[in-house]
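What follows is a single structure, written as structure tokens, with notes after it.
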Amino acid sequence: MKNIYKLLIAGAFLLGMAACENETKVCDQTLRADLHIGFKHDSAGIVRDTIFRAVTTLALNRDTLLKNSNTGTIYFPLSPVADSSQFLVKIDSLLQGDTITFRYQRTPQFISAGCGFGTTFILDTVLFTSHMIDSVQIITKSVTNSNDTHLYIYYFNE
Amino acid sequence: MTRTFIFTILTSSCLFSFAALAQNKPATPTAKPADTSHVITKGKILPEQKDSSWLIPGGLRLGVDLSRFINNAYYPYRQEYTVVADARISPRLFAAIELGYTNTPHSDSNYTYKGNGMFATLGIDYNFLKRQYPTERNMFFGGLRYGFSHFNYEVPSYTQHAPYWGGQVTGSFPKTNANAHWIELVLGLKTEVLKNLFLGWNVRERILLNTVKTNEFTPLTIPGFGSGSKRAVFDMQYTISYVIPFYKIREHYHPPAPKKMPKK
């Protein structure tokens with residue numbers, strides 16, 4: 001009987017070593033708080049979600065985020081070092097791009113033990129040029145994760 | 001003469017060994033004892049009345065949780081020291097207490113973290129194991145605990161890297177005091193491997209009762225509980241402990257239920 005206990009004790013000892021994860025080593029990238037934008041387009045009087053064939057996005061004076069990409073949603077990493085960010089959206093390489101300016105409030109926030117700190121944003125104002133964009137609709141002002149759609153951009157008929 | 005001597009020796013040794021066997025019999029006598037009139041009554045034979053009682057060893061068991069040291073080797077940010085103690089209050093019930101101190105140092109490219117705190121858990125253990133002899137102290141137990149911890153934590157500095165924008169944001173989070181309460185369910189074994197020395201392990205589930213994390217900041221660990229970001233955690237303990245047997249508990253004989261008695 002005693003031997004059974006000893007075996008159980010030894011067995012559990014090994015089991016304990018593989019128990020849980022080191023939380024400081026794992027950063028779940030889905031916890032990013034990028035601005036999530038959807039495209040809307042008026043087609044024959046009905047406004048619906050749309051996909052453009054060659055979308056190019058970039059922040060002004062920065063590297064390209066998307067290049068000629070076939071997509072209906074775009075993500076903008078708002079700047080955590082300034083209270084506003086400017087982005088260029090081109091829905092087709094042949095068409096003229098539009099500049100969108102976001103003004104917002106920043107709040108530093110602990111994301112997780114592995115990721116450390118990040119910034120969440122509360123949108124204040126959105127300004128845009130109207131070469132191709134008809135209007136912009138803010139769905140959610142607080143940008144705390146990238147799952148929610150924060151903004152819709154409505155485009156004119158080509 | 002020699003023959004008589006040898007015969008006496010043999011008979012008495014047989015009788016003595018029988019007496020010795022009788023002493024090793026289970027302390028709970030059978031409901032219908034056999035006729036014992038021919039047994040030598042030398043040595044102690046437990047009285048076989050229905051209200052009989054006897055003493056079983058009690059004592060204070062003091063130990064340390066060894067699993068914390070292994071934990072620390074795998075997770076350097078969890079420096080935990082736990083002492084465990086329990087005392088027998090009835091044949092099957094034990095009052096249990098755990099006390100501990102936790103230090104949580106962490107530093108990486110994103111942030112540095114400092115935290116420390118004390119914790120205590122208080123509760124009872126119930127021994128499910130049927131003793132094979134009255135003084136057996138091996139345990140297979142289930143337990144219920146209430147845990148409390150008071151701790152503080154701070155982030156002396158953090159850095160947010162913004163590779164796309166070029167630049168970084170730095171800041172700090174001030175020292176914050178917090179309390180945590182939780183309930184703990186325990187299931188485990190304790191084995192007497194040497195006289196008064198016990199080895200044991202148990203698994204436990206902790207359920208947090210209050211909310212510690214805030215919108216701005218969640219502690220990395222809650223002392224005694226574990227992860228600061230979870231509502232419930234699973235953990236295990238591996239203990240080495242020593243019993244100081246300074247008191248005894250009287251156990252009373254309860255006759256078995258009538259339906260279980262053999263019919264004549």
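Reminder, nothing fancy here: chain letters follow the sequence lines and each chain counts from 1.
The contact list for residues 99-111 of chain B toward chain A, using heavy atoms and a distance under 4.5 Å, reads B/H106, B/D108, B/N110, B/Y111 by residue number.
The number of heavy atoms from other shown groups lying within 6.0 Å of NZ (B/K114) does not exceed 12. The number of heavy atoms from other shown groups lying within 6.0 Å of CZ (B/R231) is above 12.
Under the side-chain hydrogen bond (donor to acceptor under 3.5 Å, both in side chains) criterion, A/S79 pairs with no residue, sequence neighbours left out.
Only the backbone of B/Q168 comes within less than 4.5 Å of a heavy atom in chain A; its side chain stays farther off. With a threshold of 4.5 angstrom between heavy atoms, B/P76 approaches chain A through side-chain atoms but not through N, CA, C or O. Using a 4.5 Å cut-off between heavy atoms, B/V155 touches chain A through its side chain atoms alone.
Between B/F141 and B/F94, the gap from one ring centroid to the other reaches at least 6.0 Å. The aromatic ring centres of B/W165 and A/F87 sit less than 6.0 Å apart.
At a threshold of 4.0 Å, the pair B/R61-B/D86 counts as salt-bridged, since one of the basic side-chain nitrogens sits closer than that to a carboxylate oxygen. Remark: B/R68 engages B/E80 in a salt bridge, criterion side-chain N to carboxylate O under 4.0 Å. Under the 4.0 Å criterion applied to side-chain N and carboxylate O atoms, A/K141 and A/D124 are not assigned as salt-bridge partners.
Put simply, of A/N61, A/T120, A/T107, A/L65, the one with the most heavy-atom pairs under 4.5 Å next to chain B is A/L65.
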